[in-house]
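Take a look at the structure set out below.
Just so it is clear, the values below take in all heavy atoms, side chains as well, and ignore hydrogens, waters and symmetry mates. Convention: sequence-line order gives letters A, B, ...; per-chain numbering from 1.
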Protein chains: 2
Amino acid sequence: MAKTQPPAAALDTVDRGILRELGDNPELTNKALATRLGIAESTCAYRVRALRDNGVITGRRLDVDTRALGYPLQAVIKVRLGSHSQEHVEKLYDDLVRTPGVIQAFHVAGADDFHLYVAVEDAEALRDFVLQHVTVHRVVRQTETLLVFELREGPGVLPRDTA
Amino acid sequence: MAKTQPPAAALDTVDRGILRELGDNPELTNKALATRLGIAESTCAYRVRALRDNGVITGRRLDVDTRALGYPLQAVIKVRLGSHSQEHVEKLYDDLVRTPGVIQAFHVAGADDFHLYVAVEDAEALRDFVLQHVTVHRVVRQTETLLVFELREGPGVLPRDTA
DNA sequence: CATGAAATTCGTCAAAG
DNA sequence: CTTTGACGAATTTCATG
């Protein structure tokens, strides 16, 4: 459970530069990053580590092409619950987020309680997924499945101010 | 524009091992990865590069805590279009995916056309975001905004077979 | 294709301003 | 907090099996 910074941690120009450059190109080496920012390599490494220790940078993720892996079908499964007891919701969330095929699981406020972003082999596998991993939970009242044509990554958020 | 493999690229045990280990821990060094898989470092680096060249590994991403950056509110904005001409849809998608604050943009099949996953400063900023960046497009007919309580990453997909 | 060793590059640490 | 410089570690290249 990651502790969240109460306010926004105070970030200076260097911190913002690191987040901007590393956001654009997460594979930059520490040396290349330092050069771009005009600071010493040791300083750069120190700052990056600090951002990590402060919980600003939480980690890295590998992007894979699910189609190339044999899972060409992507979908969003909207999950609506019957009971909303905290116990039930937590348990279901834990189970879903461990289910192979689930890429992301959004817990949202609204008529639907969860949005599951999944990748599967084909339409049959999608049907089986919903039946075997979602509606099998008795707390699930209803589901609705949307085909995902495409997912694009946006720029996300940058620290305030900087260009 | 990443070319997608027509079928699933043929992946052997080593490839699957790389994807499994790197999926679990994307920050493994090449050396550590090679050791875990019981192969030479040079071989490991070669294989990883090949997976990348074949479009199986598409890149890496930096995970940041949007709250720590001063954007504590996350939402999914469901966007419904009036016109569905390919030209309009493409143009809107391009614009949205470049808008600061947008983390991901799903193009989906259903009553809604897009799901925008965004992070903003507060409720007011969320309202402004919708007005200034979404409904400002004349092709947008309707929006619906859902608060995101939490997003968890799932295990995603693994190549078939391997444990 | 995979390997090990050489050559290069990179990250880390201590000392100091 | 930042930098320099030196050390140790990791990545890449390449010749060989």
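Atom-to-atom, CD of A:E27 to C1' of D:dT12 comes out at 16 Å; the value is rounded to the nearest Å. The nearest whole Å value for the distance from the CG atom in A:L33 to the C1' atom in C:dT12 is 16 Å. Distance A:E41 CD to D:dA6 P: 14 Å, rounded to the nearest Å. Look at CG on A:L11: it is 13 Å from P on D:dC1, rounded to the nearest Å. As rounded to whole Å, 12 Å separates atom P of D:dC1 from atom CD1 of A:I18. Taking atom NZ on A:K31 and atom C1' on D:dT11, their separation rounds to 13 Å, with Å as the unit.
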Residues A:L69, B:L19; criterion side chain to side chain contact (heavy atoms under 4.5 Å, CB included); working and verdict: CA-CA 10 Å; A:L69 293 183; B:L19 292 167; 3.6 Å; yes
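Between A:H107 and A:D113, the side chains place no donor N or O within less than 3.5 Å of an acceptor N or O (distance only, hydrogens not considered).
Proximity note for A:A40 (side chain, C-beta onward) versus C:dT12, D:dT4, D:dT12: the nearest is D:dT4. Counting only heavy atoms from C-beta on, B:R49 has its side chain closest to D:dT12 among C:dG4, D:dT12, C:dC13.
Regarding contacts with the backbone of D:dC1, a side-chain N or O of A:Y46 is found under 4.0 angstrom from either OP1 or OP2. Of the side-chain N and O atoms in B:R47, one or more sit less than 4.0 angstrom from OP1 or OP2 of C:dA2.
Heavy atoms of A:T43 sit under 4.0 angstrom from at least one base atom. Backbone-only engagement by A:T29 is indicated by non-hydrogen atom pairs under 4.0 Å involving sugar-phosphate atoms exclusively.
Within a 6.0 Å radius of CZ in A:R52, more than 12 heavy atoms belonging to other residues, nucleotides or ligands are found.
We find that A:R152 and B:E90 are joined by a salt bridge, their nearest charged nitrogen and carboxylate oxygen being less than 4.0 Å apart.
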